[in-house]
Amino acid sequence: MGMTITEKILASHCGRAEVSPGQNVWCGVDLLMTHDICGPGTIGIFLQEFGEDAKVFDPDKVVVIPDHYIFTADAKAHRNIQILRDFARKQGLKYFYDPDFISPDQKGMVSPCKDPAGTSYRGVCHSALPQNGHTRPGEILLGTDSHTCTHGAFGEFATGIGNTEAAFVLGTGKLWLKVPASIRFVFNGPMPRYLMAKDLILHVIGQIGVDGAAYMAMEFAGQAIKSLNVDERCTLCNMAIEAGGKNGIIEPDDVTLSYVRQRSTKKDFTVYKSDAKAQYAKVIEYDVGRIEPAVAKPHSPDNHATARELADVKIDRVYIGSCTGGKTTDFMAAAAILNGRTVVVETFIVPATTETDMDLDRVKVGGRALRKIFADAGCRIGPASCAACLGGPPDTFGRANEPIQVVSTTNRNFPGRMGHLDAGVWLASPLTAAASAVTGKIADPRKFIS
Amino acid sequence: MSEVIRGRVFVAGDNVDTDQIIPAQYLSYNPSDPDERKYFGMYAMSGMPPARSGLPEGGKRFVPKDGFKGPYAVIVGGRNFGCGSSREHAPLALSEAGCRAVVAESFARIFYRNSINGGYVAPVETPERLVGQFATDDEAELDLAAMTIKNLRTKRIFKLRAIGEAAKIIQAGGIFKYARQNRML
């Protein structure tokens, strides 16, 4: 019997030759990731269940990466960083990306490190894990964040878990996982210049709904997918959870391998590919030439429309950031439209990671650095973090504290997601977001791209 | 977890996501600190748009203002309950507020796992849509052995889906207790 890439990875981690959908299997975990929102609770459960002197299953396989509530005056948020810091030290964790500019007796608003290269802080976990070499084909990565499914972009099994499960993994290195059935999404044809991965995934979610892939693996394939860079593949897999998916996954190819080989903290890994005879719950094919720039209207990621249909919708703000819309190539796309133009609504630029923050100075579009393009266009640029993607404390950069309409490159738009309960969040690609920023209404980026 | 849960019902609709169950701004409370943990009860379901909070009329608070516990033992939901983030604070908040079970047509998988593994609330699936069969503040009797829920106002009884393998973890009170009972730890 043939197996999918997801089934092969799970089989290889539970000591079986074969697994099939619906089976519950105990799997060994290659990497456990936690951050400042779920880390303190996870650590509390770990200490309670395994004892104050317990050791984690492997200090080299745990990544602690604060990223959510960093640039805030919230004293509890500062305290939570210290909980992570103390735990990482006591456990001798190899990978703790410390926002070392937050002091143990921090008072008031945290100022960003002037030089992003001068801190061990890295920014949003899902963009920083690949950049810092923690994602590899064939592995199992579990994280206390629903968007952990991002890392399927590297041909691994990655999914989000809760604090209790994470505490269990911390102590044992294992967890029970139900083998998901897979849906294969095949994107045929060359990727048009006006489309981004965000358009593809919003199109899919609009079609199948926010529970359309519940409990399932979403496997992405086809010519258009193969042409996507690593950032774009991450955008696609990141939003598998918005269709209820357990994981998103793309078979490793040369794009994956050359990225991973340059960055990985480990040299050895296994590449799995789906068998030709693998069983799928469904195979859905698309001609990407027929997909249009997409928007998810408030208040659900499956509330799909095309940007073209929404040309009359007036907006108050544009937000370009997050693990699904604040990567270097996201900003390159936005800059292609913002270069030489001026935004007519307030526009927030939030790099996902400190590396991308540095890229704003290093990477040029049309001969000009990204940071210069955004500053000249009138954008406000903030430090790397999750920031307003999930609202956060009221003093968070870019948070929607009023009932405004925001075009956002983030991944979720349920009521209250970016702050105010009556704020409307319109999810879109960085191209559509940039086109909307200079128009003041939702705009189809095809107007700006020859 | 006792097998019969009797108490007041709070009715919510489809796609109640974890930001509605516990808004992100409260996530800096540490659930491992008993003094802070109770605040998750205070803010449970506070992100619900008022019109959808306590159907059919809406406008009902899950927890009275400034209180830590609410009057509701059972939530009746629609499809995809608990979608969105992986925050375990969501089922924990419901539990802190006094809720013991959620009966819904379907659950988002991380919320489902968190509810069971952490031993917070029993997530029970219903094959029939119950959102219109219960009104907020009805009394219900949820029988986890017979897998039925009875509306004590209308006297109607609805059959629920068997929980399957996960029932053992619910009965044990969470994944750690289950693992210890089975000598896995």
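Every chain is numbered from 1 and lettered A, B, ... according to where its sequence line falls, protein lines coming before strand lines. Excluded from the calculations below are hydrogen atoms, water molecules and symmetry mates; all remaining heavy atoms, backbone and side chain alike, are included.
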Is it the side chain or the backbone of B:D17 that comes within 4.5 Å of chain A heavy atoms, both, or neither?
side chain

Which of B:N15, B:N80, B:D19 touches chain A most, by non-hydrogen pairs under 4.5 Å:
B:N80

Any ion pair linking B:E165 and B:K168 (charged N to carboxylate O, less than 4.0 Å)?
no

Heavy atoms only, distances under 4.5 angstrom: which of B:A24, B:G47, B:P50, B:A90 has the most pairs with chain A? Name it, please.
B:A24

Side chain, backbone, both or neither: which part of B:I116 has a heavy atom under 4.5 Å from chain A?
neither

Can you classify the ring geometry of A:H68 versus A:H35 as parallel (below 30°), tilted (30 to 60°) or perpendicular (above 60°)?
tilted

Any side-chain donor-acceptor pair under 3.5 Å between A:R79 and A:Q82?
no

Interchain contact, B:M184 with chain A, by part (heavy-atom threshold 4.5 Å):
side chain

Name all residues meeting the side-chain contact (heavy atoms from CB on, under 4.5 Å) criterion together with B:Q133; count only those two or more places apart in sequence or in a different chain, and write none if there are none.
B:E128, B:L130, B:R156, B:F158

At a heavy-atom separation under 4.5 Å, does B:S106 approach chain A through its side chain, its backbone, both, or neither?
side chain

Could you have a look at A:T396, A:T172, A:D145 and say which one has the most heavy-atom pairs with chain B under 4.5 angstrom?
A:D145

Between B:C99 and B:Y72, does the side chain to side chain contact (heavy atoms under 4.5 Å, CB included) criterion hold? Intermediate values first, please.
CA-CA 6 Å; B:C99 179; B:Y72 300 108; 5.8 Å; no

Per-residue tally against chain A (heavy atom, under 4.5 Å) across B:G84, B:C83, B:P49, B:P31 peaks at B:G84

Can you confirm if the NZ or CZ of A:K246 lies within 45° of the ring axis of A:Y215 and under 6.0 Å from the centre of its six-membered ring?
no

Report which part of A:N163 has an atom under 4.5 Å of a heavy atom belonging to chain B: side chain, backbone, both, or neither.
both

Are a donor atom and an acceptor atom from the side chains of B:Y120 and B:E88 found within less than 3.5 Å of each other?
yes

So does B:K150 pair up with B:E141, basic N to acidic O under 4.0 Å?
no

Would you mind telling me which of B:R87, B:Q20, B:H89, B:E36 has the largest number of heavy-atom pairs within less than 4.5 Å of chain A?
B:E36

Please identify, among B:S85, B:A179, B:G174, B:G118, the residue contributing the most non-hydrogen atom pairs under 4.5 Å to chain A.
B:S85

Salt-bridge present (B:R79, A:D211; N to O < 4.0 Å)
yes

So what's closer than 4.5 Å to chain B heavy atoms on A:W26: side chain, backbone, both or neither?
side chain

For B:F107, is it the side chain, the backbone, both, or neither that has a heavy atom closer than 4.5 Å to a heavy atom of chain A?
both

Please work out whether the ring planes of B:Y29 and B:F40 are parallel, tilted or perpendicular, with thresholds of 30° and 60°.
perpendicular

Distance col, row B:R180:CZ vs B:I175:CD1, nearest 0.5 angstrom, shows 11.0 Å

B:N114 versus chain A, heavy atoms under 4.5 Å apart: side chain, backbone, both or neither?
side chain

Residue part contacting chain A, namely of B:R52, when any heavy atom lies under 4.5 Å:
side chain

Considering heavy atoms only, which positions within residues 37-47 of chain A lie below 4.5 Å of chain B?
A:I37, A:C38, A:P40, A:G41, A:G44, A:I45

With sequence neighbours left out, what residues match A:H147 under ring pair (Phe, Tyr, Trp, His ring centres under 6.0 Å)?
none

Test A:N411 against A:R417 for side chain to side chain contact (heavy atoms under 4.5 Å, CB included), laying out the working first.
CA-CA 10 Å; A:N411 40 32; A:R417 173 68 178 177; 4.0 Å; yes

Option passing side-chain contact (heavy atoms from CB on, under 4.5 Å) with A:L175 (candidates A:T159, A:I161, A:L32)
A:I161

Could you look at A:A75 and say if it's the side chain, the backbone, both or neither that has a heavy atom under 4.5 Å from chain B?
neither

Whatever's closer than 4.5 Å to a heavy atom in chain A on B:L92 counts as neither

Side chain, backbone, both or neither: which part of A:N24 has an atom under 4.5 Å from a heavy atom of chain B?
side chain

Under the rule for salt bridge (charged side-chain N to carboxylate O under 4.0 Å, His left out), what residues qualify as partners of A:D302, not counting sequence neighbours?
none

